[in-house]
Amino acid sequence: MEQADLLTQALNLTMFGMGFVFLFLTLLVFVTKLMSFVIQKLQDRITDKIENVDQVTTLEQEIDEETKFVIEQAIKMHRGA
């Protein structure tokens, strides 16, 4: 009789343990998917904001011809050409 009671308790403990692990892992998967979804939405918003910013001027647009010529000459002098 005690042997059957002991076996029942072992099966009970096993089922509760496996059930708890299953629920925990399932919850972990859903939380991970939710976090991924939230991060993707935030990333899309940030990307949209960056694209909507006024066009940034390039280096060539900022430097006039005289400054460009002076920089080129300085580089040539530095290289010894």
Side-chain angles (χ1 to χ4, degrees):
M1 196 70 162
E2 283 184 40
Q3 206 63 8
D5 192 35
L6 190 60
L7 188 59
T8 304
Q9 286 180 355
L11 286 174
N12 228 1
L13 183 60
T14 302
M15 289 301 141
F16 278 122
M18 287 175 27
F20 180 77
V21 169
F22 176 77
L23 288 176
F24 177 76
L25 292 177
T26 304
L27 179 67
L28 189 66
V29 167
F30 284 120
V31 168
T32 303
K33 284 186 179 187
L34 177 67
M35 287 189 327
S36 176
F37 178 75
V38 168
I39 294 297
Q40 276 184 326
K41 289 297 178 184
L42 289 174
Q43 183 69 29
D44 289 344
R45 281 188 185 174
I46 291 171
T47 304
D48 289 344
K49 285 182 180 180
I50 290 174
E51 289 175 356
N52 291 336
V53 173
D54 292 335
Q55 187 179 14
V56 178
T57 59
T58 62
L59 186 59
E60 283 188 22
Q61 292 172 340
E62 289 182 16
I63 298 177
D64 61 342
E65 290 300 316
E66 182 181 357
T67 306
K68 188 175 178 181
F69 177 75
V70 170
I71 292 172
E72 288 173 356
Q73 291 303 315
I75 290 173
K76 284 181 184 177
M77 284 177 59
H78 177 70
R79 290 185 178 164

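All heavy atoms count here, side chains included; hydrogens, waters and symmetry mates do not.
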- Item | With Q73 via side-chain contact (heavy atoms from CB on, under 4.5 Å) - residues at least two apart | F69, K76

Would you mind writing out the side-chain donor-acceptor pairs for residues 36-46 within the sub-3.5 Å range, not counting sequence neighbours?
none

- Distance from L6 atom CG to L11 atom CG, nearest 0.5 Å? 10.0 Å

- Message: Under 4.5 Å between side-chain heavy atoms, counting indirect links through other Ile/Leu/Val/Met/Phe/Trp/Tyr residues: same cluster for V21 and F24 or not?
- Response: yes

- Message: Taking side-chain contact (heavy atoms from CB on, under 4.5 Å) as the definition, give me every residue that meets it alongside E2, ordered by chain and number, with sequence neighbours left out.
- Response: none

- Message: With a sphere of 6.0 Å drawn around CD of E72, does it hold more than 12 non-hydrogen atoms of other residues, nucleotides or ligands?
- Response: yes

- Could you list the residues that satisfy side-chain hydrogen bond (donor to acceptor under 3.5 Å, both in side chains) with T14, not counting sequence neighbours? none

- Item | T26: side-chain contact (heavy atoms from CB on, under 4.5 Å) partners, not counting sequence neighbours | F22, F30

- By side-chain contact (heavy atoms from CB on, under 4.5 Å) - contacts of T8 (at least two apart): none

- CE-CD1 distance between M77 and I75, expressed to the nearest 0.5 angstrom: 12.0 Å

